[in-house]
Every structure is written in C-alpha cells, then in structure tokens.
Amino acid sequence: LRVATRRASDGSDGATGVAVVIEGGKEWARADEWEDALRRASVGVSGGVPMGVHGVWWKSDDAIAAAKVTSRDGARERVRASTSERAHVDDLAPEGSEAFDALAFAQVNRGVAEQLRQFVLEQVVSFAPQRVIDGYAGTGLLSEALAAAGVAVTAIESDPMATASAAQRLTGFAGVQVITDRVERALPGQLPADVVVLNPPRRGVDPGVVETLAGAAVRGVRAIIYVSCDPATLSRDLARLPAWRICALRCYDMFPQTAHVETVCVLTPEES
C-alpha cells in the first residue's frame, strides 16, 4: 500500500488535520481497526495547533474507493464511489454546488475554471448540435447548460454519486440521459451524435475511446471537444486520431508560475 498525507482544515475551528490516502489492494478487512490505531498514534500538536487524522481514504486496485471520513467526535461515515474517472467539467463547479457533495474533483482557481467552462460551452453550441455526448460528465454541469439550450444530451460518468447528482440536476429536461459507466464501454452504443465532449482525468482517455472515435466522423460526429489537464496525455491521444484535425485550441494557466496548464482542443474531421 502507498500512503500519502496532506494537511487540511477540518472546517470547524481552524485546527490542522491530516488526511491519509491509501492506494492498492482489493480487500481491506481490518480497515476500521487500522484507522483507529492511526488516529490514536498521530494525535498531537503542530505549532501550538491540535493535529490529528481526520479522514482515511482507500483507493482499491479496481478503482472503487471506500472513503471513511472521521469527524472530531469519532463518528465515522462510509461512502463508496468510483475514482477511476474524476470529471473535469466539474473542476469548474462553484463553491457549495453538488459537485462537492458528490466528491467530484474541484479546481481551486474558480475564476479561470469558469472561463474554461464558458469556452467549452461556446464551442459545443457553435456546431448547432441536436445531440451531444458529455463524456466524463461528473455531476452534469455542462450537460445542464446544454439541456437548457435545448440540446439532447447523454451524460456518461463512472462515479455513481456524481451521476445521481447529475440525474437530479437534469430532472425536467427533455431528451436527456445519464449513464453510470466507463466512457470506453458506454460510448460505442451512444453514437451517432453531433458533438462528443471528453473531459478525462490526467491519464487521458482509454485506448477504447480513441478506437471508437477514430472513425466516428462516418457515424455523424462533427466535432470532438477534448478538455485536458495534462499536455502529455493530450498529445498522445491526439496522435492516435489522425483522421481529426485541430481547428481551435486554447490554454488556461490554471495555476500561475507552475507547469500546470488546462487545454481545450476542438477537433473536426480532416476532410472538413
């Protein structure tokens, strides 16, 4: 098992705490016992401020996370959620939105994130689509904006907590479908569509997604909009799509003075 720690506020009185993230393995039969021992051993004072473990997260080999969040009074809450595909449209979620409740990844730089989301929306709408597939959809922020514009949307996301939030968000809109599944499994059965949005985690898209989209133009796809948080995996995935050309690209300096950059890449069929 690999263990990573980070300091974080517990949100109550400003005290400092530690969240422990454990990765690996398929079963953890004595998790509660292990966590209790860790909490007892780590309680102390740092710079005059009480410090202790306030949460333990487990990411298993099958990418299903058993999240065990411990409050200051010792109460423990268990949550199960897929962490294999953290949605990046929900990087743009405003503070207090459902994205946080669903444990979706959220960007710290909300100002830049909002600009990025608006650009994605504008690019999708520019193709006047009747139907859009929102891949790695998170809690459905982009899907909601498109549905409000009268576009039929299929939102695909592997995190069941996020899709539950998306389904609630999209209640009342016609022509909307929310699918809880991996994009590589669900995408082939959802084509044709006018536009496909991809907003994958840092590792990029699965080879199965690339294989499906390589010839997607013949199935009616007029544009692919790829939102990337890693230029290296973006470059790799674009190289696997020779039948598509870049017609627009915009970078966002999400964290100034660091190497981190977000990129929105708009692809259209080469012959167009």
Side-chain angles (χ1 to χ4, degrees), residues 87-94 99 107 109-157 166 169-170 173-179 183 186-187 190-200 204-205 209-210 212-231 233-235 237-254 261-272:
H88 288 271
V89 168
D90 283 334
D91 296 356
L92 323 174
Q107 287 284 16
N109 193 330
R110 297 189 185 93
V112 174
E114 176 58 33
Q115 294 178 43
L116 188 154
R117 181 161 70 100
Q118 186 60 36
F119 180 70
V120 171
L121 180 61
E122 291 171 356
Q123 292 302 305
V124 174
V125 172
S126 71
F127 290 93
Q130 294 185 356
R131 183 165 182 267
V132 173
I133 294 175
D134 185 6
Y136 312 91
T139 61
L141 289 173
L142 178 64
S143 294
E144 180 185 28
L146 290 169
V151 179
V153 184
T154 297
I156 306 173
E157 165 62 43
R169 182 194 300 281
L170 295 167
F173 290 107
V176 173
Q177 183 180 15
V178 179
I179 299 174
V183 174
L187 180 61
Q190 297 305 313
L191 293 175
D194 298 304
V195 177
V196 175
V197 178
L198 301 174
N199 198 353
V205 300
V209 175
V210 176
T212 297
L213 293 177
V218 300
R219 302 183 64 181
V221 178
R222 293 187 283 121
I224 299 170
I225 299 179
Y226 191 137
V227 184
S228 170
C229 61
D230 188 339
T233 55
L234 173 64
S235 176
D237 292 340
L238 294 183
R240 295 171 175 173
L241 293 167
W244 296 82
R245 63 182 176 88
I246 299 172
C247 68
L249 187 146
R250 183 174 294 184
C251 297
Y252 292 83
D253 191 6
M254 192 67 71
V261 63
E262 301 271 341
T263 307
V264 179
C265 187
V266 182
L267 306 172
T268 55
E270 185 66 49
E271 58 271 18
S272 66

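Since we're looking at a predicted model, the values are computed, not measured.
Residues meeting the side-chain hydrogen bond (donor to acceptor under 3.5 Å, both in side chains) test with T154, sequence neighbours left out: R131. For the side-chain hydrogen bond (donor to acceptor under 3.5 Å, both in side chains) test, residues two or more places apart in sequence or in another chain that qualify with D237 are Y226. Annotation: side chain to side chain contact (heavy atoms under 4.5 Å, CB included) contacts of A248 (sequence neighbours excluded): Q123, V266. A147 pairs by the side chain to side chain contact (heavy atoms under 4.5 Å, CB included) definition with L170, F173, V176, not counting sequence neighbours. Applying the salt bridge (Lys or Arg N to Asp or Glu O under 4.0 Å) rule to R219 yields no partners; only residues at least two apart in sequence or on another chain are considered.
Atom OG of residue S228 and atom CD of residue E262 lie 7.5 Å apart, to the nearest 0.5 angstrom. A distance of 3.5 Å separates CD in Q190 from CD1 in I179, rounded to the nearest 0.5 Å. Within the model, atoms CG of L267 and CD1 of I246 stand 6.0 Å from one another, a figure rounded to the nearest 0.5 Å. Rounding to the nearest 0.5 Å places OG1 of T233 at 9.5 Å from CG of L238. Atoms CG and CG, on L234 and L198 in that order, are 10.5 Å from each other to the nearest 0.5 Å. Remark: N199 CG to L142 CG distance equals 8.5 Å, nearest 0.5 Å.
The side-chain heavy atoms of V195 and I133, taken from C-beta on, include no pair separated by under 4.5 Å. Y136 has its side chain out of reach of V227: every pair of non-hydrogen atoms, C-beta onward, lies at least 4.5 Å apart. Looking only at side-chain heavy atoms (C-beta outward), R240 and V205 stay at 4.5 Å or farther from each other. Taking 4.5 Å as the limit, some side-chain heavy atom of L187 sits within range of a side-chain heavy atom of L213. Side chains of L249 and T263 form a contact here, defined as non-hydrogen atoms less than 4.5 Å apart. Looking at heavy atoms from C-beta onward, V132 lies out of side-chain contact with F127 at the 4.5 angstrom threshold. Using a 4.5 Å heavy-atom cutoff, the side chains of L191 and V196 are in contact. The shortest distance between side-chain heavy atoms of L146 and D134 does not fall below 4.5 Å.
In this structure, the side chain of D194 engages the main chain of Q130 through a donor-acceptor pair within 3.5 Å. Checked by atom type and distance alone, the side chain of E157 pairs as donor or acceptor with a backbone atom of G138 at under 3.5 Å.
Closest of all the heavy-atom pairs between W244 and T268 is CE3-C, 3.2 Å. Scanning all heavy atoms of the two residues, the minimum distance from A243 to A214 falls at CB-O, 3.7 Å.
Judged by the 6.0 Å and 45° rule, R250 forms a cation-pi pair with F119.
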